[in-house]
Trainee: 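Handing you this structure, nothing more for now.
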2 protein chains.
Amino acid sequence: MPSELRRPERTFTIRQLCTEFKATPRALRFYEDKGLLTPARDGMNRVYSYKDRARLILILRGKRVGLSLQEIREILELYGEHDEAMTQNAHSLKKFREKIVDLEQQREDIEGAINELRAACERLEKHLAAKRPDLLPKAADYDQMLRARLDGHQELAGAK
Amino acid sequence: MPSELRRPERTFTIRQLCTEFKATPRALRFYEDKGLLTPARDGMNRVYSYKDRARLILILRGKRVGLSLQEIREILELYGEHDEAMTQNAHSLKKFREKIVDLEQQREDIEGAINELRAACERLEKHLAAKRPDLLPKAADYDQMLRARLDGHQELAGAK
DNA sequence: TATGCCCCTTACGTTAACGTCAACAGTCGC
DNA sequence: GCGACTGTTGACGTTAACGTAAGGGGCATA
């Protein structure tokens, strides 16, 4: 591949990635142990590239949707373009399709769960409003919570 | 509550629920240990009511969307209408709201994951079609898999 | 009455995904 | 030269959610 020398080619230390994504060094090393990441080295120290960072993003998102590290690894391996054992890939294809079906089901489950939680919240709120209105959280609190949550994720946009 | 004596009032054995929902007796007893289920007893034996079954459905769905048993228990407790410690409930309300935000994020994650898996599948398929078309699964297989998956869940509809 | 099936409890084992701790190395500022 | 900080590699500990095995009772069927 040409044209690899220019362009920032920025790298990251383990701590940078950790603070960016609220992970721990232990976790990143663990992912490496499991073959999900393979950062370069500068002497002893790990050096993460943009590609590594992108993989990490995928890993973390995979985790959020309930994939095991094992499953995530299989997915990531598709991004390495070695076409080694083709029958292996045929197997992967099948598993991926199954996983998609799973995820679609899960999406429905989440819809349902959200709806029930909303309903539960409403009932709780009514109940509280009637008996202990003093305990009702201020709308402002909720607002701020939401913003904090978004802050945590906004840097992710535009990645990959 | 009147009118409780008529109506089938059907009950279930542990194994019936297990086969219906593809769980294990161990799991159901475990949920009971953790306070998520409290079936009646006939001598030593557990007797599950419709209500228990409904709770189990919620438990399993909660699990599928990544809730911990602890979190599920908190949700289920809302369905018991004891208004004991009100401040506790105020706390619950806050946690539920957070959970909703979580789930909304998770739903987005799942969308993304589904899209990427689809893309990966397509690439894989192309790759296979070019080099080893013999390994491509028949469309019929996929179709049957889908149907099997749906069968597993259809009895759930109309429950709760 | 023996065999099988389902149920029970108790208790120890297991897996995934890290946390935590010890012991040591490189480097920066003073 | 010395903390302080950040990094490293083991190695053992931990939590959740069960699995599995041991030991025993209840009821039916051959």
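So that the names make sense, note that chain A is the first sequence line, chain B the second, and so on, each numbered from 1. Keep in mind that what you see is a predicted model, and the values were worked out from it rather than measured.
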Trainee: Quick check for you: among C:dG19, C:dC18, D:dC18, whose closest atom lies nearest to any side-chain atom of A:Lys63?
Mentor: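 Selected nucleotide (nearest to the side chain): C:dC18.
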
Trainee: Nearest-Å distance, CD1 (A:Ile59) to C1' (C:dA17)?
Mentor: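 Between C1' of C:dA17 and CD1 of A:Ile59: 13 Å.
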
Trainee: What N/O pairs connect the protein and nucleotides 3-8 of chain D at under 3.5 Å? Give each pair on its own line.
Mentor:
{"from": "D:dG7", "atom 1": "OP1", "to": "A:Thr13", "atom 2": "OG1", "distance (Å)": "3.2"}
{"from": "D:dG7", "atom 1": "OP1", "to": "A:Arg15", "atom 2": "N", "distance (Å)": "3.4"}
{"from": "D:dG7", "atom 1": "OP2", "to": "A:Arg15", "atom 2": "NE", "distance (Å)": "2.3"}
{"from": "D:dG7", "atom 1": "OP2", "to": "A:Arg15", "atom 2": "NH2", "distance (Å)": "3.4"}
{"from": "D:dT8", "atom 1": "OP1", "to": "A:Arg46", "atom 2": "N", "distance (Å)": "3.0"}
{"from": "D:dT8", "atom 1": "OP1", "to": "A:Arg46", "atom 2": "NE", "distance (Å)": "2.7"}
{"from": "D:dT8", "atom 1": "OP2", "to": "A:Arg29", "atom 2": "NE", "distance (Å)": "3.2"}
{"from": "D:dT8", "atom 1": "OP2", "to": "A:Arg29", "atom 2": "NH2", "distance (Å)": "2.6"}
{"from": "D:dT8", "atom 1": "O3'", "to": "A:Arg46", "atom 2": "NH2", "distance (Å)": "3.4"}

Trainee: What is the distance, to the nearest angstrom, from the CZ atom on B:Arg73 to the P atom on D:dA16?
Mentor: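 Answer to the nearest Å: 12 Å.
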
Trainee: Please tabulate, one pair per line, each protein N/O and nucleotide N/O from nucleotides 20-22 of chain C that are separated by under 3.5 Å, including the distance.
Mentor:
{"from": "C:dT20", "atom 1": "O4", "to": "A:Arg26", "atom 2": "NE", "distance (Å)": "3.2"}

Trainee: Compare all side-chain heavy atoms of A:Arg73 with those of A:Gln70 and state whether any distance is below 4.5 angstrom.
Mentor: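 Touching, per the 4.5 Å side-chain cut-off.
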
Trainee: Let's go through A:Gln105 and A:Asp109 carefully: what are the C-alpha distance in whole Å and the side-chain angles of both, what is the deciding distance for side chain to side chain donor-acceptor pair (under 3.5 Å) to 0.1 Å, and is it a yes or a no?
Mentor: CA-CA 6 Å; A:Gln105 170 64 45; A:Asp109 288 340; 3.0 Å; yes

Trainee: Could you go through B:Glu116 and A:Arg61, starting from their C-alpha distance and side-chain angles, then the distance that decides it, and tell me whether this counts as salt bridge (charged side-chain N to carboxylate O under 4.0 Å, His left out)?
Mentor: CA-CA 11 Å; B:Glu116 280 196 58; A:Arg61 197 182 62 189; 2.6 Å; yes

Trainee: Give the minimum heavy-atom separation between B:Arg107 and A:Arg107, together with the two atoms involved.
Mentor: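 Heavy atoms of B:Arg107 and A:Arg107 come nearest at CG-CG, 4.3 Å.
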
Trainee: Please report the shortest heavy-atom distance between B:Cys18 and B:Pro25, naming the atom on each side.
Mentor: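 So the minimum-distance heavy-atom pair works out to SG-N, 3.3 Å.
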
Trainee: Please determine whether salt bridge (charged side-chain N to carboxylate O under 4.0 Å, His left out) holds for the pair B:Arg118 and A:Glu104, giving the CA-CA distance in whole Å, both sets of side-chain angles, and the decisive distance to 0.1 Å.
Mentor: CA-CA 12 Å; B:Arg118 278 204 221 285; A:Glu104 283 167 345; 3.0 Å; yes

Trainee: Before you tell me yes or no, could you show the steps for B:Arg53 and B:Glu20 under salt bridge (charged side-chain N to carboxylate O under 4.0 Å, His left out), namely the whole-Å CA-CA distance, both residues' side-chain angles and the distance that decides it to 0.1 Å?
Mentor: CA-CA 10 Å; B:Arg53 180 170 169 277; B:Glu20 180 173 5; 2.7 Å; yes

Trainee: Applying ring-ring contact (aromatic ring centres under 6.0 Å, His included), name anything that partners A:Phe12, two or more places apart in sequence or on another chain.
Mentor: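 ring-ring contact (aromatic ring centres under 6.0 Å, His included) list for A:Phe12, sorted by chain: A:Tyr50.
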
Trainee: With sequence neighbours left out, what residues match B:Asp52 under side chain to side chain donor-acceptor pair (under 3.5 Å)?
Mentor: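 For B:Asp52 the side chain to side chain donor-acceptor pair (under 3.5 Å) partners, ignoring immediate neighbours, are B:Ser49.
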
Trainee: Atom CD1 of A:Ile72 to atom C1' of C:dA16: distance rounded to whole Å?
Mentor: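 Rounded to whole Å, this separation is 12 Å.
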
Trainee: Specify the separation, in whole Å, of atom CD of A:Glu71 and atom P of C:dA16.
Mentor: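 After rounding, the reported distance stands at 12 Å.
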
Trainee: Check the distance between C:dC7's P and B:Phe12's CZ and give it to me in whole angstrom.
Mentor: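 About 14 Å, once rounded to whole Å.
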
Trainee: Among residues 30-40 of chain A, which residues get a heavy atom nearer than 4.0 Å to DNA chain C?
Mentor: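 Heavy-atom contacts with DNA chain C come from A:Phe30, A:Tyr31.
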
Trainee: Under 4.5 Å between any side-chain heavy atoms of A:Gln16 and A:Arg10, yes or no?
Mentor: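 Counting from C-beta outward, A:Gln16 and A:Arg10 do come under 4.5 Å.
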
Trainee: Could you give the side-chain donor-acceptor pairs of residues 27-37 of chain A under 3.5 Å, partners two or more places apart or in another chain?
Mentor:
{"from": "A:Glu32", "atom 1": "OE1", "to": "A:Arg46", "atom 2": "NH1", "distance (Å)": "2.6"}
{"from": "A:Glu32", "atom 1": "OE2", "to": "A:Arg41", "atom 2": "NH2", "distance (Å)": "3.3"}
{"from": "A:Glu32", "atom 1": "OE2", "to": "A:Arg46", "atom 2": "NH1", "distance (Å)": "3.3"}

Trainee: May I have the distance from B:Leu28 (atom CG) to C:dC7 (atom C1'), rounded to whole angstrom?
Mentor: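 Answer to the nearest Å: 13 Å.
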
